[in-house]
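Report on the structure given below.
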Amino acid sequence: MPEPSTTAVRATPTGVIHDIGYQRYEGPRLGRRQVFGALYLHGLRTAFGLGRSAKAKIFPWLVVGIVALVAVALAAVRSQIGEPVATYAQFADAMSWLVIFFVAVVAPELVSRDLRSGVLPLYFSRPLPRSDYALAKLLALVTALWLLLGGPQLLMFLGAAFTTKQGMRGVWNELLDLLPGLLYAGLWAVVFASVGLLVASLTGKRAFAAGGVVAVFLMTTPIVGVLSILPSRAANELAGLASPSTLVQGVGIWSLGDLLVEGDPGEMMIGGFGPVYALAAVLLVAGATALLLARYRKVAS
Amino acid sequence: MTLIATQSLTKTYGGRVTALADLTVAVEPGIIGLVGANGAGKSTLIKILLGLIAPTSGQVSVLGIDPTADPAAVRSRVGYMPEHDCLPPDLSAAELVTHLGRMSGLPRTAARERASEALRHVGLYEERYRPVGGYSTGMKQRVKLAQALVHDPDLLLLDEPTNGLDPAGRDAMLALVHRIGTEFGISVLVCSHLLGEVERICDTLIAIDGGRLLRADNISAMTSATDVLAVEVSEGTEELAARLAELKLPVARDGRLLLVPLADDDTYDLILGAVAELDLPLHRLDQRRHRVAELFATRELTHA
């Protein structure tokens with residue numbers, strides 16, 4: 001019965017206002033886990049501009065649109081020529097620029113806005129611990145980035161699974177290709193979210209935060225360029241450590257091998273330093289998270 | 001039950017700046033006014049009560065809970081309205097208060113219901129769906145109060161709720177705070193640097209200065225014993241003073257006024273009798289309630 005309920009909803013605000021006095025709340029009060037979950041979901045919705053103004057939706061959905069379009073195009077081409085144009089991991093690599101811009105817009109939206117408006121005392125005067133606030137925001141950004149890359153990967157998978165000529169076996173093989181791709185997308189998400197959110201949490205000015213995020217991710221690439229043409233093989237092979245993007249690619253090359261580079265020697269050589277890259281990535285994420293937590297221990301007290 | 005109790009509470013910043021010094025106070029539930037000049041330590045005390053900062057030394061308990069040991073337990077039963085601007089301009093009041101209700105642990109539907117209830121109680125109706133950025137200062141203060149009320153706390157900590165409001169807005173806000181304290185059954189600690197403002201609505205008054213307790217007492221205890229009658233006659237003030245002194249009334253001169261402590265209703269009759277006897281033109285005779293401010297003024301004088 002949709003009709004009575006809609007009229008009831010419409011009637012409530014315009015109807016007569018009865019002053020029934022103040023009512024004490026006797027219902028349940030949720031614990032720390034559920035509050036964390038609520039803040040996390042709120043952050044995830046914010047990342048995609050849901051529940052926010054139309055203006056806030058433009059950029060996230062533009063990026064989502066482009067990434068999805070590329071994935072659909074890749075799937076279409078593949079079904080025509082019967083050969084994968086790019087592996088799932090290569091797709092994630094190719095989209096890294098868009099991921100950077102997505103972080104530059106969404107990370108300030110998640111944390112700088114709260115710093116600017118001074119709303120943090122309203123959070124911190126509630127039971128929720130400060131660290132929960134920071135971690136919920138971080139987890140929300142990680143999830144948003146992972147969905148941004150993983151969603152289109154899933155589209156590619158569906159395209160391939162429906163056009164495979166090897167039956168269930170083909171689908172199974174495709175799935176085995178997809179899973180490392182999703183993991184690799186997760187690595188991108190964790191590294192870029194932790195660094196991006198830390199940078200954004202340093203300022204309440206959204207433009208500065210966005211600029212800072214782009215600077216950290218893009219300004220470090222020339223360093224990689226310089227190191228990789230030095231006349232030292234070790235320096236060349238370690239050059240990728242200097243920038244978050246090449247760091248992630250280095251871990252990918254080490255762990256996924258031909259799923260990422262596919263026989264082609266590529267521009268990037270990491271030699272036997274794969275574990276160094278993996279360790280560096282772990283340290284980077286742990287360090288950025290620790291600094292983020294330290295930042296929120298101090299801020300707005 | 002004691003609402004708030006502190007024992008030798010001290011807070012120093014960096015060992016140099018003393019925000020609170022040896023503050024010992026205990027108050028019962030009700031409306032409590034916390035007065036002091038800017039920088040007297042009011043905000044520091046509120047932050048310690050919320051467990052946001054730890055005291056340097058001393059004990060504190062709020063609703064019987066120690067906020068330094070279990071801040072979450074205190075905060076879930078306390079609502080806090082900060083002094084400064086703290087509202088995101090692009091959210092509507094309904095969205096913001098609902099979200100903060102959820103942050104206090106209310107389930108989704110309960111948060112929405114209680115948010116609109118809280119906004120209704122502070123006097124925001126249709127406006128609650130508009131972005132806060134377009135609100136007047138008075139409306140913003142109401143939103144700040146509503147978010148402190150959304151999770152049905154047992155104690156509200158209001159830091160300068162009348163800040164930036166015009167006189168009518170101040171009166172409305174004070175009336176609202178008074179209503180919360182009396183009708184809603186929620187205790188309120190209201191902070192202000194304007195004594196005249198809070199003494200109108202409080203049961204209890206705590207005055208601090210430079211982090212030290214000046215006085216904490218019941219408002220009625222502070223004022224009952226000090227009512228005086230002010231007598232003004234157009235001429236013959238001296239004669240009247242002499243006559244009243246003969247009647248064993250302790251008369252004090254204050255410019256053209258004669259001040260007589262009000263013992264009971266007979267005091268009126270004695271004064272009126274004396275004036276009639278001397279056939280003096282009586283200009284006025286009224287009961288002057290001692291403003292609490294004067295109590296503090298004399299106290300400070302005796303200290304100095």
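Only this structure's heavy atoms are used, side chains among them; waters, hydrogens and symmetry mates stay out. Numbers restart at 1 for each chain; the letters A, B, ... are given by sequence-line order, proteins then strands.
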Exercise. Is any side-chain heavy atom of T2(B) closer than 4.5 Å to a side-chain heavy atom of V27(B)?
Worked result: no

For this session: Sort L106(B) into side chain, backbone, both or neither according to what part of it lies under 4.5 angstrom from a heavy atom of chain A.
Result: both

For this session: Could you look at Q147(B) and say if it's the side chain, the backbone, both or neither that has a heavy atom under 4.5 Å from chain A?
Result: both

For this session: Sort R29(A) into side chain, backbone, both or neither according to what part of it lies under 4.5 angstrom from a heavy atom of chain B.
Result: both

For this session: State, with a plain yes or no, whether a side-chain heavy atom of R295(A) is found less than 4.5 Å away from one of S201(A).
Result: yes

Problem set entry | Side chain proximity check, L115(A) to T203(A), heavy atoms < 4.5 angstrom | no

Seminar exercise, completed: By residue number, those in residues 54-78 of chain B with heavy atoms under 4.5 Å from heavy atoms of chain A are A72(B), R75(B), S76(B)

For this session: Answer with side chain, backbone, both or neither: which region of S125(A) has an atom nearer than 4.5 Å to a non-hydrogen atom of chain B?
Result: both

Exercise. Who wins among D90(B), L91(B), I180(B) for the most heavy-atom pairs under 4.5 Å with chain A?
Worked result: D90(B)

Exercise. Between the side chains of Y13(B) and T18(B), does any donor sit under 3.5 Å from an acceptor?
Worked result: no

Exercise. Do F102(A) and F192(A) make the cut of ring centroids closer than 6.0 angstrom?
Worked result: no

Exercise. Quick one: of V35(A), L122(A), V119(A), who has the most non-hydrogen atom pairs under 4.5 Å with chain B?
Worked result: L122(A)

Exercise. Is the closest side-chain donor-acceptor distance between E197(B) and T162(B) under 3.5 Å?
Worked result: yes

Exercise. Side chain, backbone, both or neither: which part of R52(A) has a heavy atom under 4.5 Å from chain B?
Worked result: side chain

Exercise. Taking C-beta and beyond as the side chain, do V111(A) and Y296(A) meet within less than 4.5 Å on heavy atoms?
Worked result: yes

For this session: Could you tell me whether the side chains of S104(B) and R126(A) share a donor-acceptor contact shorter than 3.5 Å?
Result: yes

Exercise. So, D154(B) and R24(A), do they make that salt bridge, N to O below 4.0 Å?
Worked result: yes

Exercise. In terms of heavy-atom proximity below 4.5 Å to chain A, should E95(B) be classed as side chain, backbone, both, or neither?
Worked result: side chain

Seminar exercise, completed: Turns out that what part of H99(B) lies under 4.5 Å from chain A's heavy atoms comes down to side chain

Seminar exercise, completed: Paired with L189(B), the side-chain contact (heavy atoms from CB on, under 4.5 Å) test is passed by just one of L156(B), I46(B), T204(B), namely I46(B)

For this session: Show the numbers, then the answer: is there a side-chain contact (heavy atoms from CB on, under 4.5 Å) between H84(B) and D159(B)?
Result: CA-CA 9 Å; H84(B) 301 290; D159(B) 201 346; over 6 Å; no

For this session: Using non-hydrogen atoms and a 4.5 Å limit, figure out which bit of V150(B) sits close to chain A: side chain, backbone, both or neither.
Result: side chain

For this session: Go through the atoms of R114(B) and report whether side chain, backbone, both or neither lie under 4.5 Å from a heavy atom of chain A.
Result: side chain

